[in-house]
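Just so you know, these numbers come straight off a predicted model, no measurement behind them.
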Amino acid sequence: MAENPLLTRHREALDLFTERVHAIRPDQWDDPTPCTEWTVRNLVNHLAVEQMWVPPLVREGASVGDRSDALEGDLLGDDPVATWDVVANAARDAFREPGALDRTVGLSYGESPATHYCAQMTADAAVHAWDLARAIGADERIPKPLVDFSVREVAPYVADLEESGLFAAPVEPPAGADAQARLLALLGREP
């Protein structure tokens with residue numbers, strides 16, 4: 001049986017971010033990232049905490065409001081790479097459980113279909129993989145299927161992302177920009 005296309009993109013995004021996490025040298029954890037307020041460690045922690053939310057939201061029907069302060073701060077511990085691997089696998093497994101994508105999850109802005117939540121998490125991981133790659137000097141390419149998926153996902157609500165403060169204002173992409181550069185510019189990054 002063919003894999004659900006959304007779960008395929010989600011797996012690809014987590015795999016891409018995981019590759020970048022495994023490429024971080026010990027001396028790079030305090031380096032700056034394109035996310036101006038975050039170091040490499042802050043960025044990985046942000047994504048790790050997002051993954052930590054998936055099992056309680058998808059499996060248990062919890063809402064972000066129920067546990068708003070349970071998953072705050074730096075939760076990477078002494079081995080951030082191992083922590084990332086554990087939480088990424090747990091999030092992947094939660095979304096892949098039978099019926100998981102048919103559920104509704106309680107996010108900070110209200111109830112949302114689990115498919116929308118998974119799509120948001122996918123686009124976020126893909127774009128932050130670029131941020132991490134830029135910060136550590138790794139390969140910055142995002143696979144085209146993930147770029148195309150992420151553009152379709154974020155374009156309808158890009159103004160809301162800017163207003164939320166989660167992403168910078170869109171910037172003008174360079175002349176002749178490819179799809180990845182246009183995606184990054186849409187989310188306030190200088191490709």
Do you know the tightest heavy-atom contact between [X] and [Y]?
X	Y	value
Leu183	Ser150	CD2-CB, 3.8 Å
Gly106	Leu57	O-CD2, 3.6 Å
Met52	Pro55	O-CD, 3.6 Å
Ala100	Ala114	O-CB, 3.3 Å
Trp130	Glu140	CD1-O, 3.1 Å
Ala155	Leu186	CA-CD2, 4.2 Å

Contact between [X] and [Y] at the side-chain level, heavy atoms closer than 4.5 Å - yes or no?
X	Y	value
Val105	Val54	no
Ile24	Val44	yes
Val58	Phe95	yes
Leu7	Leu101	yes
Arg134	Pro32	no

Straight-line distance of [X] [atom1] to [Y] [atom2], nearest 0.5 Å:
X	Y	atom1	atom2	answer
Thr115	Gln120	OG1	CD	9.5 Å
Leu187	His128	CG	NE2	9.0 Å
Asp178	Arg141	CG	CZ	11.5 Å
Asp131	Arg20	CG	CZ	11.5 Å
Ile136	Gln28	CD1	CD	5.5 Å
Met121	Glu153	CE	CD	12.0 Å

Is the backbone N or O of [Y] less than 3.5 Å from a side-chain atom of [X], with the two atoms forming a donor-acceptor pair by type?
X	Y	value
Gln180	Ile142	yes
Thr33	Ala135	no
Arg182	Pro173	no

Could you go step by step and tell me if Asn42 and Glu37 meet the side chain to side chain contact (heavy atoms under 4.5 Å, CB included) rule? CA-CA 9 Å; Asn42 297 140; Glu37 303 295 317; over 6 Å; no
Test side chain to side chain contact (heavy atoms under 4.5 Å, CB included) on Glu12 and Leu16 and set out the steps. CA-CA 6 Å; Glu12 292 168 349; Leu16 184 65; over 6 Å; no
Here's a test for you: under salt bridge (Lys or Arg N to Asp or Glu O under 4.0 Å), which of Asp74, Asp27, Asp30, Asp31 qualifies with Arg41? Asp74
Asp15/Arg92 ion pair, N-O < 4.0 Å: yes
hydrophobic_cluster_shared for Leu14 and Val86, side chain cutoff 4.5 Å: no
Does Val171 share a hydrophobic cluster with Val151, counting links as ILVMFWY side-chain heavy atoms below 4.5 Å and allowing steps through other members? no
For a side chain to side chain contact (heavy atoms under 4.5 Å, CB included) check, start with the C-alpha distance between Leu107 and His116, then their side-chain angles and the critical distance, and finish with the verdict. CA-CA 11 Å; Leu107 303 176; His116 292 189; over 6 Å; no
Counting only heavy atoms not in Glu111, do more than 12 fall under 6.0 Å of its CD? yes
May I have the step-by-step check of side chain to side chain donor-acceptor pair (under 3.5 Å) for Asn4 and His10, ending in yes or no? CA-CA 10 Å; Asn4 176 306; His10 180 256; over 6 Å; no
Any side-chain donor paired with an acceptor under 3.5 Å for Thr18 and Trp84? yes
Tell me which one of Asp124, Asn45, Val87 satisfies side-chain contact (heavy atoms from CB on, under 4.5 Å) with Glu50. Asp124
